[in-house]
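Just so you know, ligand 1 is whichever comes first in the structure, and atom 1 is the first atom listed for that ligand. Below, all heavy atoms of this structure are taken into account, side chains as well, without hydrogens, waters or symmetry copies.
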Amino acid sequence: MDLAQGKIGIFDSGYGGLTVMRSIVDALPQYDYLYLGDNARAPYGNRSFDTVYQYTLECVNWLFDEGCDLVILACNTASAKALRQIQQVDLPKRGDHKRVLGVIRPTTEQVGSLTETGVVGVMGTEGTVKSGSYPIEIAKFFPAVVVEQEACPMWVYLVEHNQRRGEGADYFVKQHLDRIFSRNGKIDTLLLACTHYPLLRETIEKFLPKGVKLISQGGLVAERLVDYLGRHTEMEARLRRAGSRKFATTDDAPTFEIQASLFFGEPVHAEHVEIGHL
Ligand code: DGL
């Protein structure tokens with residue numbers, strides 16, 4: 001039997017995961033990919049632990065049922081609030097070869113090496129910031145690095161509702177940058193720890209203090225996935241290499257197609273899917 005039938009599933013609450021998928025597909029174009037955006041229930045950032053876990057698990061199970069062997073949670077909120085439970089409780093219950101990876105570990109393994117002042121700023125959703133995942137994980141790899149966090153509750157709305165430029169975007173982007181830099185002027189590396197935020201890059205760069213490095217996660221996650229598949233040959237052997245890309249959304253497919261094509265940088269055809277009880 002040919003085992004190499006599996007896809008790589010990429011999940012986010014909405015459009016943000018497309019920034020990670022872009023980097024992954026560029027690094028590993030040979031595989032088959034299925035993207036799922038839970039746009040109908042986005043944003044996840046201000047939802048409770050239980051809700052984020054429940055929604056994420058439903059989406060992961062859907063991707064598994066659609067033939068994904070490996071699922072990447074291209075969402076920091078889901079990685080912070082649901083990944084551990086899925087890896088430690090739900091996957092062992094299945095007892096099969098399916099695996100789920102997040103975006104926090106691959107980021108925290110690398111981000112501390114980018115700072116010269118030893119101070120990293122982390123912009124994230126309320127859920128990611130409150131979970132403390134970034135300071136805890138960065139301290140494991142770079143104990144001397146100071147982490148300053150800022151929750152930006154409006155930023156995901158700006159992206160999901162196509163308000164990435166203009167007065168509203170300027171106001172909310174500047175507000176949070178001012179806050180974090182006024183708390184710690186030594187930050188020289190600013191991490192966009194929400195996969196939606198790179199879509200605001202142009203506006204963020206307008207208000208970013210000079211000399212500060214702005215870091216998106218896509219490249220960091222792609223680099224670590226290449227390494228993971230090199231080490232996990234049993235998983236790699238299961239992945240089909242037909243270079244297909246499929247997209248699904250829990251919200252309106254035509255709207256998703258327009259936005260996603262823009263963010264992914266090539267035409268996207270999407271299917272509407274029903275997941276959970278809205
Ligand atoms: N893009 C996701 C993240 O990285 C989720 C944002 C949200 O739904 O609030 O955190």
message = Under the criterion side-chain hydrogen bond (donor to acceptor under 3.5 Å, both in side chains), I'd like the reasoning laid out for E160 against N39: C-alpha separation, chi angles, the key distance, then a yes or no.
response = CA-CA 8 Å; E160 286 291 312; N39 300 76; 3.3 Å; yes

request  = Examine F11 together with Y35 and report whether their ring centres are nearer than 6.0 Å.
outcome  = no

task = Around atom 1 (N) of ligand 1, find the nearest protein heavy atom and jot down its residue, atom name and distance.
result = H196 ND1, 2.6 Å

inquiry  = Using a 4.0 Å cut-off to any heavy atom of T125, which atoms of ligand 1 qualify?
reply    = 6 (C), 9 (O), 10 (O)

task = Please write down residue, atom name and distance for the protein heavy atom closest to atom 9 (O) of ligand 1.
result = G45 N, 2.7 Å

Geometric N/O contact D12 with ligand 1, under 3.5 angstrom = yes

task = Say whether, by atom type as modelled, one donor and one acceptor occur between the side chain of K98 and the main chain of C68 under 3.5 angstrom.
result = yes

ask   = Less than 3.5 Å between some nitrogen or oxygen of T195 and one of ligand 1, yes or no?
value = yes

ask   = Looking only at protein heavy atoms, which one is nearest to atom 7 (C) of ligand 1, and how far off is it?
value = Y44 N, 3.3 Å

request  = May I ask you to decide if P43's main-chain N or O and S13's side chain share a donor-acceptor pair within less than 3.5 Å?
outcome  = no

task = Test T77 against T125 for side-chain hydrogen bond (donor to acceptor under 3.5 Å, both in side chains), laying out the working first.
result = CA-CA 7 Å; T77 312; T125 65; 3.0 Å; yes

query = With a 4.0 Å heavy-atom cut-off (strictly under), which part of V156 contacts ligand 1: side chain, backbone, both or neither?
reply = side chain

note = Going by the 4.0 angstrom heavy-atom rule, the piece of S13 near ligand 1 is side chain

T77: numbered ligand 1 atoms lying under 4.0 Å from its heavy atoms = 3 (C), 5 (C), 10 (O)

request  = Look up atom CH2 in W155 and atom CG in L199, then write down how far apart they are to the nearest 0.5 Å.
outcome  = 12.5 Å

inquiry  = Can you name the atoms of ligand 1, numbered from 1 with element, that are less than 4.0 Å from a heavy atom of P43?
reply    = 7 (C), 8 (O), 9 (O)

key: Rounded distance [0.5 Å steps], CD in Q163 versus CZ in F172   = 11.0 Å

